Amino acid sequence: MEQRYRWKNKQLREHVEVLNGKLSPTMVLKNANYLHSIFKKWVTGHIWIYEDRIVYVGEKLPKSLGSCEIVDCSDYYLVPGYIEPHVHPFQLYNPHSFAEYASQTGTTTFINDNLMLFLELRKKKAFSLLESLRKLPVTMYWWTRFDSQTEMQDEEVTFSHGEVKSWLEHDAVVQGGELTAWPKLLEGDDMLLHWIQEAKRLNKVIEGHLPGASEKTLAKLNLLGIDGDHEAMTGEDVYKRLLQGLTTTLRHSSIRPDLPQLIKGIQEQGIDQFDLMMYTTDGSTPEFYEEGVLDRLISIAIEEGIPLIDAYLMASYNVARYYNMTDLHGVIATGRIANINFLREKDQPTPVSVISKGKWLKKEEAATAFPAQPDWSKFGMPSLDLKWDLTMDDLQFSMPFGIEMVNDVITKPYSVNIDASGDELQEGYDENFLMLADKHGKWRISTMLKGVSTEVQGFASSFSNTGDIIVIGKSKQEMLHAFNRMKELGGGIVLSENEQVLHEIELPVAGLMSNKDMKAVIQEEKQLKKLLFERGYQFNDPIYTLLFLQSTHLPYIRITQQGMYDVMKKTVLFPSIMR
Ligand SMILES: Nc1ncnc2[nH]cnc12
């Protein structure tokens, strides 16, 4: 980062001068009734803020007030700003639009997945984007992947030692993971182990991705350096993780809205200590966030009987502790970044006002100005410029088996018994043509997709795990139509029927993300879902279906850059075809 230290020496001297009375604070929160994370108690006092930092808490008021803003807090309860420990900031929204939206619900610190940045950009461009996002009035940290969670061509080039190491060493990167490639680690991959060791040397943590892991697997991975995991699906899973000393993140997301059940399970297990627990919305798709971000999870936790103070700390202090950043986050105390939420009632976590980095982002329910989105093309994420055309010749589907969706994201292989040699499949039953095509136009892999929809004629998406192009449908003509429109848009998701575009979501940020604000993206996603449901899509989360068609951290069969891939056997069943 351009600025290596959080505050320069000169700034630190100024902070002390505020206490010396030589400078006045920029804001004083008077008569504050606030949650003190260390005492785990509500305390009262005055909070002095200078620029973006809390410079004093206690009973004193500053001698010099200058032009300081004085806020009487008697009518509120103040809690530390919420920290989302596990964000995938690219589910149609982008890091900027998600942060802007979430900040209105009290989440002002984000630990972001770098997957799309890693796959799309080399480090120079990526780090200049991080630098630009660092200037936002929210706090953006990152975690760096060690693998692509799919089978890429030339993965070793993308995930080279040099690239991973530079990410790990970056000041804004606080974690390695999420380690979807943990089976490789257990099988002896010493490159992965080296990166884990490097992360530890740099005082950064490692997150696993361990759904269904046995007690022994958890213990072994703990020995190899894993610090936390967010894949617990039952109270017993939570118990097993905590028993091994792993920090356990409770997930409530669009594909796994588990929190109420998880908490019931936790109570059944007799767990009454919450210090090693956090929550995440795990990169939910846009519509899910209509009801809030972490404020909603805290609210569920309170309703389900988590002790009130723990319910807040799981979204603040516990996260700061896990990431070794309690000196900056998670506590309303001297020295911390001034991220504070104002609540009307103790059990109403959606804030009426939000301070982030010492500035109002929301005041008495009204949003204040937030910076405009960057010019993404300047950071190496221009709209998609596909230099090739899809033709009827590409649309050949002679594979003897296809992919059957078991739910939104889990797949299994099935034998294709229908005649798929024509240009159209009959409507009314749930098999579709499916193609993944290289965004550079070099290769393709074609098969059948069962279980998703009965009447989608043509559907094309540049949103996928690797940014390659997914085309689905019953009619080759409409698939071409959808593809052509998606190409014309410079990336996006297009649904086509009877030679008409029924719906389109423009994704001008590298073909993966929208540059609209979150509310607009929510409406676009809702409309897409409605149209797909009407056409027989039988699950809940089509965006995740698209994202995970290539993702080999999920069973059982995937289309990848290398070809059709058997996840359990770790083999390519059919290689992709050169075009
Ligand atoms: N592993 C993953 N990669 C990308 N987005 C996700 N959302 C939830 N899990 C994810």
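If you're wondering where the values come from, they're calculated on a predicted model, not measured in any experiment. Every number for a ligand or one of its atoms is a count from 1 in the order of the listing.
Taking F401 as the reference, F574 meet the ring pair (Phe, Tyr, Trp, His ring centres under 6.0 Å) condition, with sequence neighbours excluded.
For L547, every heavy-atom contact with ligand 1 shorter than 4.0 Å involves the side chain, none the backbone. Only side-chain heavy atoms of R145 come within less than 4.0 Å of ligand 1; its backbone N, CA, C and O stay farther off.
Ring geometry, H170 versus W167: the interplanar angle falls from 30° to 60°, so the pair is classed tilted.
Shortest contact from atom 3 (N) of ligand 1 to any protein heavy atom: Q149 NE2, 2.8 Å. Of all protein heavy atoms, the one closest to atom 7 (N) of ligand 1 is Y544 OH, 2.5 Å. At the shortest separation from atom 9 (N) of ligand 1 among protein heavy atoms lies H88 NE2, 3.4 Å.
Salt bridge present: E120 and K439 bring a charged side-chain N and a carboxylate O closer than 4.0 Å.
A ring-centre distance under 6.0 Å is found for F159 and F118. Remark: aromatic rings of Y317 and H329 are distant, center separation not under 6.0 Å.
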task = Report the C-alpha separation of T247 and Y322 in whole Å, then their side-chain angles, then the decisive distance to 0.1 Å, and conclude whether the side chain to side chain contact (heavy atoms under 4.5 Å, CB included) test is met.
result = CA-CA 7 Å; T247 296; Y322 171 71; 3.5 Å; yes
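When atom types are taken as modelled, the side chain of R558 and the backbone of S551 share a donor-acceptor pair closer than 3.5 angstrom.
Those atoms of ligand 1 that come under 4.0 Å of a heavy atom in H553, given as number and element, are 1 (N). Ligand 1 places these atoms under 4.0 Å from at least one heavy atom of E178: 1 (N), 2 (C).
The shortest N/O to N/O separation between H209 and ligand 1 does not fall below 3.5 Å. Any N or O atom pair closer than 3.5 Å counts here, and T180 shares no such pair with ligand 1.
For atom 5 (N) of ligand 1, the choice among E231, H86, Q91, R251 with the nearest heavy atom turns out to be Q91.
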